[in-house]
Amino acid sequence: KMNSFGESYITFKNVNFNYREISSMNLVNGEFKLKRPDGASLYYKISGMAKNKPIALILHGGPGLNSYTTEKMLGKDLEKYVTAIYLDQRGCGRSYDPDFNKSYLYKDILEDIEALRQHLNISQWILMGHSFGALLAIDYTIRYQDALSHLILAAPTADMSVVFKDHMRLTMQYFPKQASKINKMLNSEFTIELQNDYLMLTSSNDDSSFYWIAKEKQNEHDEINNHV
């Protein structure tokens, strides 16, 4: 299928998952928040819950995007086969908190994912990662392989230095106040420290109340997708 941005995305047909018995199926459909010890608040939504379906966590792209677009474009098909958990990563979408000024490190996002699994008492789940979310899914799998039944990667990111430099070029267009600082980063050697500095810079930007947190933008996007 084609989305409203002219990009292709996947659909599911005749999908069968072989999975182990899930020890805890006390999930309920709805929208929730998980408070982390450092004060970060994580939005997640459970949809398509049924006892005969495996559980899949959907990891959106970015950094800095959200699960809303994925749910609207893919959710209806996806939820035929799995109980879907849509997570907005810390600082993104409906997990954005203007009063939170602590850590947005990559390792924090990985620990958030595992914290959510433990919070929901899920023994094993499917991890489905798109773009940057695929990188998170791979690194999570390395750390917590016993927590996975399946790993699904969609348009996976393999080289974060390339991705971040593309992201920086776009950010300079949309956040001109930070352009000189970002341009200096762009011309520096890519390191984990540089990646973290960039994420902190963009998350602390006065203009960074993310696009999808606005309800009118969500409604606008729904209207677009009604015609896709």
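These numbers come from a predicted model, not from an experiment.
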Side chains of [X] and [Y]: closer than 4.5 Å at any heavy-atom pair?
X: Gln173; Y: Leu170; answer: yes
X: Phe132; Y: Tyr106; answer: yes
X: Ile55; Y: Leu27; answer: yes
X: Gln178; Y: Thr171; answer: no
X: Tyr86; Y: Ser47; answer: yes

Under 4.5 Å between side-chain heavy atoms, counting indirect links through other Ile/Leu/Val/Met/Phe/Trp/Tyr residues: same cluster for [X] and [Y] or not?
X: Leu127; Y: Leu42; result: yes
X: Tyr44; Y: Tyr144; result: yes
X: Leu57; Y: Ile46; result: yes
X: Leu87; Y: Leu148; result: yes

Scan Ile109, Ile113, Asn66, Asp112 and name whichever one has a side chain to side chain contact (heavy atoms under 4.5 Å, CB included) with Gln89.
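With Gln89 as partner, side chain to side chain contact (heavy atoms under 4.5 Å, CB included) holds for just one option, Ile109.
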
Output the distance between atom CG (Leu136) and atom OG1 (Thr141), rounded to the nearest 0.5 Å.
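Output value for this atom pair is 10.5 Å.
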
Using side-chain contact (heavy atoms from CB on, under 4.5 Å) as the criterion, list what pairs up with Asp99, not counting sequence neighbours.
Asp97

Can you name the closest pair of heavy atoms from Tyr81 and Pro54 and give their distance?
O-CD, 3.5 Å

Taking every non-hydrogen atom, the tightest pair across Tyr43 and Ser95:
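Nearest pair, atom of Tyr43 first, then Ser95: N-OG, 2.7 Å.
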
Would Arg90 and Glu111 pass as an ion pair if we require N to O under 4.0 Å?
no

Using 4.0 Å as the upper bound for N to carboxylate O, is an ion pair formed by Lys102 and Asp38?
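Looking at Lys102 together with Asp38, the answer is no, because their closest N to O distance does not fall below 4.0 Å.
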
Might you confirm whether atom CD of Gln118 has over 12 heavy atoms from other residues, nucleotides or ligands at distances under 6.0 Å?
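Yes, because the 6.0 Å sphere around CD of Gln118 holds more than 12 heavy atoms from other groups.
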
